[in-house]
Amino acid sequence: MNTLSEPGTELFGRESVLTTIARHTAAARRGAGGQAVLVRGARGSGKSAVLRRTAATESRAGATVLSAVGRGERRPLAVARRLLVQAGVVVPELTDPAPADLHRAYRRMWRDVVTLAERTPVCLVLDDLDACDDETARWVDFVVRRLGEERVGLVLSHTSPLTVDLARAHVAGLRPLTTRQIRDMITATLNFTPDDVFTDLCLRLSGGIPRHLTTVLSDIQATHALRRESVELVAARRLRDQPEHLCAIATALVVVDRDELVAPLAGVSARLAENGISALRQHHLLGDGLPDHIREWYRAGVLAVLDPAEVLDLRHRAAIVLDESGQDVRAVADQLVHLPAVDTPWMSQVLREAAAGGKSRNAERYLRRLVELHPDDIELRVNLATGLSRHDPAQACEHLAAAFHRTTDPDLRAALAVKHALTGRTRTFLRIARDPALSEDMATLLDAVRLSIDLDDVHAVASAVAGARPPEAADTTAQRCLLGVVAEATMRGGGSMDDAVSYARAALADPDALTDWSMLSAATVLRIAGHTAEALAVLDRAVDAFSRNGDSLAQCRSLVHRALVHQSLGELDRATKDASAAVRAVRERGWRLPRALILLAWLSVQTGNTPLAEQLLHEVDEDDIRHLTPVHREYLRACGWLAHARDDIELAADRMAACAAVMKATGLSDPSTLPTWSDVVQILSLAGRDTTAAVREVDRLAQVWPSREAAAFSLLARALTTTGPGALDMAKAAADGFAAVPSPLHQARAELLLGRRHTGAGETRKARKHLRTAVGLAVRAGCKPLADAARTLLLGVGGRMREPSTMDSLAVLTASERKVVGLAAAGVTNRAIADRLFVTVRTVEVHLTRAYRKLGVSSRAQLADVLAS
């Protein structure tokens, strides 16, 4: 494989120019009238590489090669002196020479070159003639006019216009590389054949200029991705190669992004601006056509040709031009937010108008500047905090706290306390916001929010549940919010299932209300009561609505709860998809939402991806979640199952025993803990430990919460810990109970238990029947460890069941899906895949989802197994 440091890659597409030069220099060596060759091209187009190759070729052919490079000298004949001294030719020192003196010097220098050529052919190679002193350039023109029968060749290069015309020189232009040449260069340097999309991207980034293409490919070769720094470097270098007026036009266009406003901002005529924009776009100098994120990098590189102070001045002038031309206030505000000082009233007014009518993220940018200008404006801080709460809760809380301390209005303080509490899940201001002058609705909302937070706190949950009371009516949003959390408190305290469900439904009566915290409480009650279709409908609506309004934190919480519903329905692939989306959001935003990580870890254990489960659980600090009872118990449960998957049954039992202690510590009769208590019973029994207390707790909760699923859990717990015919009857009843719910995963566990019990009793025929059922249920749910365990036992008792194969399905994947699948199976993240293939993360997700469905898998680990096979 070639690397970009090897010679030759910089000469891609220059073969015809090298051939032309060789024809003229060969004629010159023979004294057959070879012309001077003038190589013309943009900076980075390969002129120097062509001249170096020519010098090496002529040297091998026996010519005396004299080479020099223009460096911007101004002393008369400075470059000619450096050129000819290599052959011992003395060039006189001249200061402010008269024309006659120069002409005499030119003739003497030419005679010396001709004398040298009488012994061996001479090839003069002069790079960057436009950077030479004027006297050297005129001597070169003198030589060009005299070339003929002498064995002297002359090869030159330039970028900028020359002060001499060199009319008798042959001009060899270095044009940008063609698409075919770029594809060949990519293939040679990166050792793969690129598709049209990647080739076009490289063309647009580099403009077909070899030096810039080399920078792009070097970056990709070194990092297997395209970095922002490389894109900005290429953009800045390319623009610096352009005339000054094109630089001004390009930077103005990047700032205002409106062709008609470029002329006044760049200080050029409208016609020159129009022609300049056309030239810039023709040569891909504005980043048009690049993927959005790369286009932004490229445009930042365009601005890098200016000093920071010049950029600020440009933006200040742009704001004025945009405002005076009647453009949308958001376009003006986009310039103002970059200025170090927004120091005039009209600027402040523009920012206010833009914040009122802009999209949430843009509005935040405008509001930040306004808050800096008016720190005591509570409305501004609340508006900013509302936007920030959707993706940056910590900053939102800072602004809400500042607003809270700047007002004495009771209802406003209560509203701010509620926002602060919900955003940061903290009770900091709820108590001190209590005031006798509060309106009834605000007092109800304070009660609802405090109860919601207390339900998660191990130290407060018992008293909160004991004191929870439903409102007298459900007519207002505040009352329905309170009903939602009272529904959960009723359930968590072992209250009436009918009452809890009734409260939950009343809380959700208004389909237009979007209060994720109380909606999630109500949906949880419906799920635990077996009304999964209702719960799923609520959560689908919440996820869609929060996605539309940009409330990504509420959407993330809703995704976690929807994943729990999918899990209860035995749809582990859908549950994993939702949990994965939530975890991505958590990581991208830097949120502290450990429940998302823990849920995805538990699902990963169930689908057989133990490395991912271990990684996720390692990211959770147990000390940070000890006070959050539901989260802590889920963490210990996931840790227990992970240890079980690694065949460390003692550690698994220790974790489950700790989980039982956490659940008992609340003193509640919480039916939502039934699945976890069932797991405690199973793991402790496998480890040979006492399960009496755990089984008793399952029985008690099943009596408190008389759902079909609760009864099935009670039967399963007893079947796990007893033997004999009675145990078989209980396991069979549990399987039937879970089938009626339906709860496929727990039904599969019961069927597997039946298979084991019948096997132990020597009833292999009955065992095979239940084991086949267990395999089928587990496979459909996507629970690989459970399916493998049932299949192994089935084969052990003489059963036959072909292991599902997905290998033949690889043929149904598209080329793009195969690329994404290959990278995903190798452990590459979706973001890294998107960067490597130059597509969006959403595109990667779509390809993976389709591939999962086609291959019948639900995790990256399973993808790796498919490809390995």
Hey, does Val371 have a side-chain heavy atom less than 4.5 Å from the side chain of Asp377? no
Do Met185 and Thr214 touch side chain to side chain, with heavy atoms closer than 4.5 Å? yes
For Arg271, salt bridge (Lys or Arg N to Asp or Glu O under 4.0 Å) partners two or more places apart: none
With distance as the sole test, does Thr386 use its side chain to make a donor-acceptor pair with the main-chain N or O of Val382 at under 3.5 Å? yes
Does Glu588 come within less than 4.0 Å of Arg584, counting only side-chain N to carboxylate O? no
Taking the side chain as C-beta and beyond, is there a heavy-atom pair between Pro210 and Leu177 under 4.5 Å? yes
Look at Asp196 together with Arg183 and state whether they make a salt bridge at an N to O cut-off of under 4.0 Å. yes
Considering non-hydrogen atoms only, spot the tightest contact between His420 and Ala401 and give its length. CD2-N, 4.1 Å
Looking at CG of Leu246 and CG of Leu239, how far apart are the two atoms once the value is rounded to the nearest 0.5 Å? 8.0 Å
Would you mind checking if Asp184 and Arg180 are paired as a salt bridge, meaning a charged N to carboxylate O distance below 4.0 Å? yes
Say whether, by atom type as modelled, one donor and one acceptor occur between the side chain of Arg365 and the main chain of His338 under 3.5 angstrom. no
For Gly208 and Ile182, work out which heavy atoms get closest and say how close. CA-CD1, 4.1 Å
May I ask you to decide whether Asp288 forms a salt bridge with Arg204, counting only side-chain N to carboxylate O separations under 4.0 Å? no
When every non-hydrogen atom of Ala824 is compared with those of Ile833, the smallest separation belongs to N-CD1, 3.7 Å
Within the structure provided, determine whether Leu166 and Leu129 are in side-chain contact (heavy-atom separation under 4.5 Å). yes
Establish, from distance only, whether the side-chain atoms of Thr159 and Asp130 form a donor-acceptor pair under 3.5 Å. no
Reported CG-to-CG distance for the pair Asp219 and Leu226, which is rounded to 0.5 angstrom: 5.5 Å
Can a donor-acceptor pair be found, under 3.5 Å and without considering hydrogens, that links the side chain of Arg238 to the backbone of Val234? no
Do Arg43 and Arg237 have side-chain heavy atoms sitting under 4.5 Å apart? no
Under a 4.5 Å cut-off applied to non-hydrogen side-chain atoms, are Val231 and Leu205 in contact? yes
Could you tell me if Gln181 and Arg175 have a donor-acceptor pair between their side chains, going purely by distance under 3.5 Å? no
Answer yes or no: are there more than 12 heavy-atom neighbours, outside His316 itself, under 6.0 Å from its atom NE2? no
Indicate yes or no for a side-chain donor-acceptor contact from Asp133 to the backbone of Thr136 under 3.5 Å, with no hydrogens or angles considered. yes
Is Thr251 close to Glu310 at the side-chain level, that is, under 4.5 Å between some pair of heavy atoms? no
Considering all heavy atoms of both residues, which atom of Gly44 and which atom of Ile209 are nearest to each other, and what is their separation? O-CG2, 2.9 Å
Side-chain contact, heavy-atom cut-off 4.5 Å: Val342 with Leu370? no
Above 12 or not: heavy atoms from other molecules or residues under 6.0 Å from CD of Glu274? no
In Å, rounded to the nearest 0.5 Å, how long is the span from CG of Leu322 to CG of Asp328? 10.0 Å
